Peer 1: 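For reference, the structure I am asking about is given below.
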Amino acid sequence: MSTTYGTFPGARPRRLRTTPAMRRMVAEYRLHPSDLILPAFVREGVSEPVPISAMPGVVQHSRDTLRKAAVEAVAAGVSGIMLFGVPEEAKKDALGTAGTDPDGILQVAIRDVKAEVGDELVIMSDLCLDEFTDHGHCGVVDSEGRVDNDATLERYAEMAQVQADAGVHVVGPSGMMDGQVGVIRDALDQTGHEDVSVLAYTAKYASAFYGPFREAVGSSLQGDRKTYQQDPANLRESMRELALDLEEGADMVMVKPALPYLDVLAKVAEAVDVPVAAYQISGEYAMVEAAAANGWIDRDRAILETLTGIKRAGANMILTYWATEVARKLG
Ligand code: PBG
């Protein structure tokens, strides 16, 4: 005698979940090493990598170990590397001049990675002042203590040029100043860098999950970035940021952080015809590592699940500190 259930006895979705081969065949989304981009920190003046305590497994690289990390990323099939420079403390100042010094650590790192792996990896650079300013803000601060949008744009234009001169393929403006993409596009075009792309941090939220990054770049910030980064409560506002970035010439757009903003990512991905990136940030990394270290979750499964969720929500590219490790496992 056969058992039936409900009114549709033939409809049994579980048939397609019976074996690993069956599940693999019907999988709708597959992570691939080429989806992944590795964010990497390089610190000026160190000969050994410096561990970041809030991001176990991630380091501030020396110039040497950064080159090695780039080679390993290529070997694993990772698509790109996003570089962050950590200058010597004494080189920080109000205008973040180390960020526009052709021999500043970020420019040096770009040249190093370019010399090591050439075009085998898409070399990207964080285009922002916070790593280089003594106050830790992403821009120039006026006499009232406010971040001055247009004075900052001038600094960004200069940064774009020096990063492009160093050989970067893609610049990633992450400071959330109004008009930054347009100014950077102009600066690149006027200095013969028409081929350098702009990956716009389109929807970047003022998030608590950046916490561990502050240690990673030795940030001097007191306070927060709420006058320039978006309020986590807002979704429609991201569509406005998106329209402006595209109008200003963004080649690719990004949503950041990833996991708490999958709805934003899905909406952006649906709305555009340019590649969409998502940044799985430091705090997202730290959460999984901390829970796994306590034996509270299965680390490998949790990592893959977060990345698959980000891809399912619509990301073509995912920046993740696990990029090389995951690419190796997938490959
Ligand atoms: C700004 C920048 C930040 C991150 C990337 N670019 C920090 C911030 O906006 O406060 C965060 C990345 C992460 O948390 O992994 N230069």
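Only heavy atoms go into these numbers, but all of them, side chains included; no hydrogens, no water, no symmetry mates. Both counts, for ligands and for their atoms, begin at 1 and track the order of listing. Not measured: the values here are computed from a predicted model.
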Peer 1: Any ion pair linking E28 and R312 (charged N to carboxylate O, less than 4.0 Å)?
Peer 2: no
Peer 1: Run through ligand 1 for me and note each protein residue having a heavy atom under 4.0 Å from it, chain first, then residue number.
Peer 2: F84, D126, C128, D130, E131, S174, K204, Y210, F213, R214, R225, Q229, K256, Y279, I281, S282, Y321
Peer 1: Looking only at side-chain N and O atoms, does T306 offer a donor or acceptor that is under 3.5 Å from a partner on E284?
Peer 2: no
Peer 1: May I ask you to say whether R155 pairs ionically with E158, meaning some side-chain N is under 4.0 Å from a carboxylate O?
Peer 2: yes
Peer 1: Checking one residue: L221. Which other hydrophobic residues are in its cluster under the side-chain 4.5 Å linking rule?
Peer 2: none
Peer 1: Over 60° means perpendicular and under 30° means parallel, so tell me whether F84 and F213 are parallel, tilted or perpendicular.
Peer 2: perpendicular
Peer 1: Taking the inter-plane angle between the rings of Y228 and H137 on a 0 to 90° scale, is it parallel (under 30°), tilted (30 to 60°) or perpendicular (over 60°)?
Peer 2: perpendicular
